Structures are given as structure tokens and as C-alpha cells.
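Only one structure is covered here, and it is reproduced in the block below.
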Amino acid sequence: MAKRRVAILISGRGSNMAALIEAAAAPDYPAEIALVLSDKAEAGGLARAREAGIAAEAIVAVGGRMSFEMALNARLDQAGIAFICLAGFMRVLSPDFVERWRDRVINIHPSLLPAFPGLNTHAAALGSGAKLHGCTVHFVRAAVDSGPIIAQEAVAVLATDTPASLAERVLAAEHLLYPRALRLVASARAIVDGERVLIDGEPAKGAGA
Ligand code: GRF
């Protein structure tokens, strides 16, 4: 099967983007990172992507969300993109955009969804007294941080944790989880079935699949 062309959308440093780029360099990886786009010209990840030889561009919103998404769609279509990975992309995509790309946009979120959607997830997890925290890769739906879950990785919360120390361990888990999840999606082993994702036809297979 030909490698699926993937675009990564970022707003910042792009450490998850870098993990995807590194994984996709393997000859047997089912996706190639064809394009990196940022809504922020100053995103550190853009330079990182270019160093890896990947086309990386900023699309800066001038006329609001609709014109931003028109420009985004034009660029994605031009590059023949099959799947989009959101990796620290800080804009909320419109329902129209999400519908146009239904089941072809995935996101990584730093919590075990549906717990702790939104920002500041590590402080929220600590504040809740949760003993397990972690990260989730999911198909994107219009509601923020919602959608069928592809894969999750749990991280134990330690008594000594601060939001920063917990974030560091979750980020390390993210860097392993996202490449695994994109592999499942790009090879069509992960398929949306209603509100769930089936992996190889089964509902409960985990991230290690
Ligand atoms: C990650 O924690 C990701 O889960 C969240 O934003 C952060 C982005 O970090 N959505 P990076 O830009 O990938 O380093």
C-alpha cells in the first residue's frame, strides 16, 4: 500500500511533530509527513520541520476563521493530503472543516479523555487526586477534545509531582503514542464505528496494537 500523505498542524515547539517525522522515516511506516502548517509564523516547530527536509509554512489568519480555513483547505488539497495530525495546534476548527475531513483528522491531548478536556490538564489531574493520568489520540469532532478514541497511554501520578514534572512524563508518553496511533490510522487498522474505534475489527485493543 502506498504511504498516506499526512499534514501536521502545529502552533508551537512541535515535539510531537518531531516524533511523527522521526517515526515516518522508517521504510515500513504507512504514512509520510508531506507538509507541516502552523497558524503562528513564530512556531519553533516550523524550523524543526524544515531541518528534517519537510515543507513547512505558516498560514496566518487575516480575515478570521473562515478565510483561515479556506487557505488551509486549499494548501492541504494542493499537497494531496489524506490525513491531518493536530499536534499542539491551538485553534478550534469549525464544524464545517471537521465535517469535510471527517475521520481524517486526529489529535493528541494530554489527558486520559474524557477526563480533563481543555487546557491545564496536568494541574487539573493533580488537583483531582487522580492516581492515573496520561494522553489520548482521537479522531476530531466539532466539540473540543472529543471524538472516537484511537489509543491511550496511562502515566502514574506520583505524590511528589508538580504540573511540570507530570507534564514531562506525559509528554514522553505522547511521543511514543502518537506515532503508534498514526500507524494504526494510516494503515486502515483503526476504523471509526459509531462513537468507537475498532482496531483490527475489535473494540478494546489498546495502544500497543
Ligand atoms: C502536547 O502536550 C499536546 O498533547 C498538546 O499540546 C502539547 C504540544 O506540544 N495538544 P508539542 O508542540 O508537540 O511539543
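Just so we're clear, the structure is a prediction, and the values are computed from it rather than from any experiment. Each ligand, and each atom within it, is numbered from 1 in the order the structure gives. Throughout, residue positions are numbered sequentially from 1 according to the sequence presented.
Among protein heavy atoms, atom 9 (O) of ligand 1 sits closest to R13 NH2, 3.2 Å. Looking from atom 12 (O) of ligand 1 to the surrounding protein, the closest heavy atom is G14 N, 2.9 Å. Here the protein heavy atom with the shortest distance to atom 3 (C) of ligand 1 is E174 OE1, 3.2 Å. The shortest contact between atom 5 (C) of ligand 1 and any protein heavy atom is with P110 CD, 3.9 Å. In terms of protein heavy atoms, atom 6 (O) of ligand 1 is closest to G88 CA, 3.6 Å.
Here the CD1-CZ distance, from I8 to F89, works out to 13.0 Å after rounding to the nearest 0.5 Å.
Between I199 and A190, the shortest heavy-atom distance links the atoms CD1-CB, 3.7 Å.
For the side chain to side chain donor-acceptor pair (under 3.5 Å) test, residues two or more places apart in sequence or in another chain that qualify with D77 are R100. The salt bridge (Lys or Arg N to Asp or Glu O under 4.0 Å) search around R102 returns E99, not counting sequence neighbours.
Between the side chain of R48 and the backbone N or O of R13, at least one donor-acceptor pair lies under 3.5 Å.
At least one N or O atom of I108, backbone or side chain, sits closer than 3.5 Å to an N or O atom of ligand 1.
Between D28 and R183, at least one side-chain nitrogen of the basic residue sits less than 4.0 Å from a carboxylate oxygen of the acidic one, meeting the salt-bridge criterion.
Residue contacts with ligand 1: I10 is excluded, as none of its non-hydrogen atoms falls under 4.0 Å.
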